[in-house]
Amino acid sequence: MTPRPRVAFLGPEGTFTAEAAQRVAPDAERRPVGSIGEVFEQVRHHGAAVGVVPIENLIEGSVNATLDELAFGEPGVYIRGELLIPVALMLLVRPGTQLADIRRVRSHPHALAQCRAWLGRQLPYVEVEAATSTAEAARQVAEESDDVPAVTAAVAPEFAAARYWLEVAGRDIHDHPDNMTRFAVLGRRMAAATGADKTSLVVFFGEDRPGLLLHVLDEFALRGINLTKIESRPAKTTMGEYCILIDCEGHPTDARLAEALRSVHRHVAELKIFGAYRRADALATSVGPSDTDRAYAEAHDWYTRLLDDVDD
């Protein structure tokens with residue numbers, strides 16, 4: 001009997017990451033682990049076919065631990081997919097608990113921060129406590145002894161309520177209704193081009209030269225390549241030295257992006273591609289007539305014919 005593929009994800013069960021892993025690989029063997037770095041290790045060395053980690057939140061921004069693993073970690077792991085999940089937070093309680101009974105609210109600090117206004121209106125008198133994750137807060141509430149005089153509630157996704165047999169005492173209590181988290185789907189190879197792709201990379205400049213960042217960005221702009229995200233991270237070498245992480249439209253097998261990457265490579269100390277994958281919104285890349293693969297092929301053929309008339 002063929003063993004099921006394994007999906008590793010940032011645990012525990014009952015988190016938004018667990019929900020993302022369920023959507024990405026519903027039939028896989030699930031392996032929750034304790035850190036983002038361990039997810040990468042499971043994919044890199046321990047046989048996990050898929051890894052799932054958070055990479056960006058609309059409110060909190062980038063997940064630096066994931067970016068650092070991609071930019072500075074051991075090679076052999078690529079982003080090969082992305083998934084967007086709305087962040088809907090609930091107030092979870094043990095069955096029969098009323099709002100008036102609650103004296104403590106527990107969750108991950110980010111989740112508590114995203115519900116500050118609701119908690120201030122509805123439960124201004126409660127004590128707020130931090131937990132290592134939203135799911136861990138839900139688990140602790142579910143296992144709380146009946147002898148504890150101060151009733152505790154958890155801020156967590158509804159996904160956790162079903163797992164820990166809790167009830168929803170407050171629905172959609174987050175302060176930002178459009179909040180969502182982007183998850184990276186990890187594998188040992190880049191995905192094939194689909195026509196609706198995104199490529200993620202990091203640039204290490206090396207020697208500091210005036211206008212170097214402009215040169216890099218121009219290589220994409222000259223070929224009509226849209227940069228969907230650009231941010232800097234410390235290069236972890238010298239104080240004041242930064243690397244640039246870029247998400248751009250297209251796939252490295254596209255002629256225009258291939259040419260841009262080759263040109264960027266000439267300017268910088270290191271260029272590392274850490275993902276090529278289908279966009280979560282599945283929007284096809286818009287390409288002008290001069291930037292199609294056909295246009296690049298015709299230009300190559302023209303140049304080849306030109307060289308035929310050059311003396312050996």
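Worth saying up front: this structure is predicted, and the values here are computed from it rather than measured. One-based numbering along the sequence shown.
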> Below 6.0 angstrom between ring centroids: does that apply to Phe72 and Phe204?
Replying inline: yes

>> Is there a side-chain contact between Trp165 and Arg94 in this structure, where contact means two heavy atoms from C-beta onward sitting under 4.5 Å apart?
In response: no

> Hey, does Leu91 have a side-chain heavy atom less than 4.5 Å from the side chain of Trp118?
Replying inline: yes

>> Determine whether Val202 and Leu70 satisfy the following criterion, side chain to side chain contact (heavy atoms under 4.5 Å, CB included), listing intermediate values before the conclusion.
In response: CA-CA 9 Å; Val202 59; Leu70 291 165; over 6 Å; no

>> Check for me, please, whether Leu123 and Leu92 land in the same ILVMFWY cluster - side-chain distances under 4.5 Å, paths through other members count.
In response: no

>> Do the side chains of Glu231 and Lys229 get close enough for a salt bridge, i.e. N-O under 4.0 angstrom?
In response: yes

With a cut-off of 6.0 Å (strictly less than), are more than 12 heavy atoms of other residues, nucleotides or ligands near [atom1] of [X]?
X: His265; atom1: NE2; value: no
X: Arg294; atom1: CZ; value: no
X: Asp308; atom1: CG; value: yes
X: His300; atom1: NE2; value: no

>> Testing the 3.5 Å rule here: is there a donor-acceptor pair between the side chains of Thr237 and Glu241?
In response: yes

> Going through the distances and angles, do Phe205 and His267 end up as a side chain to side chain contact (heavy atoms under 4.5 Å, CB included)?
Replying inline: CA-CA 8 Å; Phe205 292 113; His267 293 298; over 6 Å; no

> Under the side chain to side chain contact (heavy atoms under 4.5 Å, CB included) criterion, do Thr97 and Glu167 qualify, and how do the steps go?
Replying inline: CA-CA 8 Å; Thr97 302; Glu167 291 182 348; over 6 Å; no

>> Donor-acceptor pair, distance only, cut-off 3.5 Å: does the side chain of Arg278 make one with the backbone of Gly195?
In response: no

